[in-house]
*Asks:* 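The structure under discussion is supplied below as structure tokens; questions concerning it will follow.
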Amino acid sequence: MTASSLTTISEGWSFTQIGGGQGTEEGEWLACSEFPTTVHVELLKLKKIPDPFIGLHEWDVQWIGETEWAFKNTFNVKVSDLAAPNVDLVFEGVDTFASVKLNGEEILQTYNQFLNYRVPVKKLLKAGANELTLTFESAFYKGRDLQKQHGKFALWNGDSSRLHIRKAQYNYGWDWGPVLMTVGPWRPIHLHAYTARIASLFARTSVSSSLSPSLTVSFSLSHEVASTASVVLKDSSGKVIAQESKVQVKDGEAQVKFEVGGGKVELWYPIGYGKQPTYTVEVAVLDEQNNALSNQTQKIAFRRAQVVQDELIDQEGRTFLFEINGIRIFCGGSNWIPADSFLTTMTPERYRAWLQLLIDGNQNMIRVWGGGIYEPDIFYDICDELGIMVWQDFMFGCGQYPAYDSFVKNVTEEAEQQVQRLRHHPSLVIFAGNNEDYQLAEANKLDLDYSDETSDFRKTTFPARHIYERVLPAAVKEHSDIHYHRSSPYSGFGKVTTNQQYGDLHQWNVWHGSQEPWHNWDILAGRFVSEFGMEAYPDIRTVDYWLGGNKAERFPQSRTMNNHNKADGFERRLELYLVENFKHAFDVDSYVYYTQVMQAETLASAYRLWRRNWRGKGREYTAGALVWQINDCWPVTSWAIVDYFLRPKPAYFTIARELRPFTVGMTRKEVKTFANERSAAFFTIETVLEVWGTNSTLSEKKATLEVTAFDLHSDWTETWSKEVILAANSSTELYKGELPGQPKRTKVSEVPKTIIISARLLDNGTVLGRYSNWPEPFKYIHFPDVKDLGLKITTGADGESVELSTQKPIKGIVLDVDGDAIQWSDQAIDLVPGDPQVIKAKGLKGRSVCKVRFLGDGSA
Ligand code: BMA
């Protein structure tokens, strides 16, 4: 018998537009430059279309999504392959509706971008040249047809026909993304010859409440063949931890249980709480003559992951928190959207660069949002390796999805495949049914009675409850041990999705909704805030990319700028938050700066205030904050904290400061006390300062809290310090009292002084954390003359760092140079006298910093 052989068909592909048209001549087959691939990517490389990321060109390529395309390949089959009892074609992913023909005969019709297809083709193959063609229909037209047949349903973002199509939903356009309907064989295609193959492998790790690990490996074969197997568990250095050979495969199935307790394996921890040891399970199936039939290797790890929903002390509701290996962890992280409109251009290096940004930014969780894709294996592999926890949505977003039979069958297959593909990743700690579909149902008053768990939801106006409450949880339960949550957000306990006491919350009342000031984040808190955000322009270089040299359009209100912001009412909203808070200029460079500082302030204060709510066991009032969003899929102004070209916005750094292991936070509030009940004219206003610290480590930390007050308009300062103990894995209140330097006021016309409070946590001189609190709104501040500030920026002797020092407090310093962007270690820096800061500047190469922006830099 033959061992299996897997050949990837990646060379010699060509493509054509059926019937010819705008891009190609009829019958003209163009060579593909790479494979897997999609049409836009190829046409762009051939310069047959303009770059849709520049100017208004997004709209010049819409015809591609409403045209038919074909891809073909002639591949060689060896006589030895044909000798195998089974030969299959394996399609790892097809986008989306293709008729697949082998030597002229249709072997497959694809219907779901997220599916993997395997087709037995031995009978149709011949030795030598064989021809494979994939002919694609327009997914958009297909969706319109299905919509006509089954109904038009409610949604936010995109075209309603998307609800019928199992294709990345953001392709239809989103409030941060262009309409780019990709088409083509977007994942590899292989020819697989074999006798029997391992059809499913489940290396089921489990860790008990006493943290004792166990491992059960089960697998099944595609065909029953008399065989035995060897199963080996190795550590990452290749050392064998446990093994069993001559495992009998009965009825095509086998199971092995390994004893891995007693220190044989180490547990996997999220970043900040321990190491990320991984192991491999190697299964080798042998026939009776001991010839290899099939091998499979899977990387695994041991960890206990739970979502804890316990009652709370002193507050209503329940926790929604992640406990890993018995440790309750505050999750500070990001939401993730697909990192490109053209997914085949994503490389492992780009994935790594993105995920490394999370680590460098002190983040520990990423949510793969439901309007994108189930990411490729490499994404989860890197998360496993780096210790990033993954929140995985199923791919449904912002819609009233249908649940007719063929649709349910389609998504059942998808869920089963994806759960089986992803379940072994230790990083994956939760599956959620969809993004905001319950919220949409509430907003649209669809049939949604949370107390009804038994009806046939398919007969209601919210049919997809059938999918989220039956189909998906069943798939997750049958094929994995991962926690299932019905939606993001979902409160549970009969509460609506906007409930702040139960479940997770998307807090959009800053920006969307009631457009609250960001200063209200504490009032707006939830048990786990899985989305919240604020927009800002990207790096000016990114803006210049999409302008494509069009100088006439280089102003914030231009048509081109507007096409590169897809959010409803974005001009009003950006300006609302700017005008309420900043005296600002409106030239494009200034608009980039002010929107970025505004975003940086908004987002940092959310993390600061919500981390304060992590108050120790039983008092985990807020257990997570995931910013909407870390990334972009094209060059755009959006809520992203890092732009399409991986250039961080200042908010990325201010969030990183709030997620350090130790931080110090402050609020100032004005407390007005009237002389008596009847009076409106007689009162005192006291400015109250509150200071707290946080500590994400598992041991308490002794530190010195140093508080210094400055008056922006005099030389007065005051400083005090005290020894404090930061409780382990929680926040600790450190001070509450009068704000130094600000006497009580008795009249509103008595303008408060511009007192800046700088607080630092010190550990024998090392700064563990720092934060400055400025009076707000910033727009009221009279900033000193730039020449009187005494700001010094000196390039370090290493040429790759700068030291900043000042004679007067300065807020929101953003540094830049001409030419290529520098990799800074910090931005939106608040600087005070006596506390110089050194910022790393990779790529500076000894130059001096020539662009410095800050509040009061004379631009406004
Ligand atoms: C959320 C997301 C996205 C959207 C974002 C910004 O609710 O789930 O659908 O892009 O808001 O509006």
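Each ligand, and each atom within it, is numbered from 1 in the order the structure gives. All heavy atoms count here, side chains included; hydrogens, waters and symmetry mates do not.
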*Asks:* Which ligand 1 atoms, with their elements, are less than 4.0 angstrom from a heavy-atom of Trp176?
*Replies:* 10 (O)
*Asks:* List ligand 1 atoms under 4.0 Å from Cys398, heavy atoms only on the residue side.
*Replies:* 9 (O)
*Asks:* Enumerate the atoms of ligand 1 whose separation from the nearest heavy atom of Asn435 is less than 4.0 angstrom.
*Replies:* 8 (O), 9 (O)
*Asks:* Can Trp156 be said to touch ligand 1, with heavy atoms closer than 4.0 Å?
*Replies:* no
*Asks:* Given Asp568, Asp175, Asn157, which one has a non-hydrogen atom that is nearest to atom 10 (O) of ligand 1?
*Replies:* Asp175
*Asks:* Angle class for the Phe53/Phe342 ring planes (parallel below 30°, perpendicular above 60°, tilted otherwise)?
*Replies:*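 Answer is parallel, since the angle falls under 30°.
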*Asks:* Return the set of residues passing ring pair (Phe, Tyr, Trp, His ring centres under 6.0 Å) with Trp511 (not counting sequence neighbours), or none when no residue passes.
*Replies:*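 Checked Trp511 against ring pair (Phe, Tyr, Trp, His ring centres under 6.0 Å); matches are Trp639.
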*Asks:* Does the Lys NZ or Arg CZ of Arg352 fall within the cation-pi geometry relative to Phe379 - under 6.0 Å from the ring centre and within 45° of the axis?
*Replies:*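 Output no; distance or angle outside limits.
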*Asks:* Does Gln439 reach ligand 1, in the sense of a heavy atom lying below 4.0 Å from it?
*Replies:* no
*Asks:* Side chain, backbone, both or neither: which applies to His512 and ligand 1 if a contact is any heavy-atom pair less than 4.0 Å apart?
*Replies:*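 Side chain only.
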*Asks:* So which heavy atom in the protein is nearest atom 2 (C) of ligand 1, and how far is it from that ligand atom?
*Replies:*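 Protein heavy atom with the smallest distance to atom 2 (C) of ligand 1: Glu531 OE1, 3.2 Å.
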*Asks:* What closest approach, in Å, do Thr602 and Trp521 show between heavy atoms, and which atom pair accounts for it?
*Replies:*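 What the structure gives for the nearest pair is O-NE1, 2.8 Å.
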*Asks:* Ignoring hydrogens and geometry beyond distance, is a side-chain donor-acceptor pair present between Tyr404 and His164 at under 3.5 Å?
*Replies:*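 A donor-acceptor contact under 3.5 Å links the two side chains.
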*Asks:* Please report which non-hydrogen protein atom sits nearest to atom 9 (O) of ligand 1, along with the residue it belongs to and the distance in Å to one decimal place.
*Replies:* Trp174 NE1, 3.0 Å
*Asks:* Assess whether a salt bridge exists between Glu531 and Arg367, defined as any Lys/Arg side-chain N lying under 4.0 Å from an Asp/Glu carboxylate O.
*Replies:*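 Looking at Glu531 and Arg367, the cut-off is met.
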*Asks:* For atom 5 (C) of ligand 1, which protein heavy atom lies nearest, and how many Å away is it?
*Replies:* Trp628 NE1, 3.5 Å
*Asks:* Looking only at protein heavy atoms, which one is nearest to atom 7 (O) of ligand 1, and how far off is it?
*Replies:*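 Here the nearest protein heavy atom works out to Glu436 OE2, 2.2 Å.
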*Asks:* Looking at Trp391, Trp610, Phe330, Tyr621, which hits ring-ring contact (aromatic ring centres under 6.0 Å, His included) with Phe528?
*Replies:*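 In the set Trp391, Trp610, Phe330, Tyr621, the residue that makes a ring-ring contact (aromatic ring centres under 6.0 Å, His included) with Phe528 is Trp391.
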*Asks:* Taking only heavy atoms of Trp369, which atoms of ligand 1 are found under 4.0 Å from at least one of them?
*Replies:* 2 (C), 3 (C), 8 (O), 9 (O)
*Asks:* Is Arg187 close to Pro376 at the side-chain level, that is, under 4.5 Å between some pair of heavy atoms?
*Replies:*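 Pro376 vs Arg187: side chains touch.
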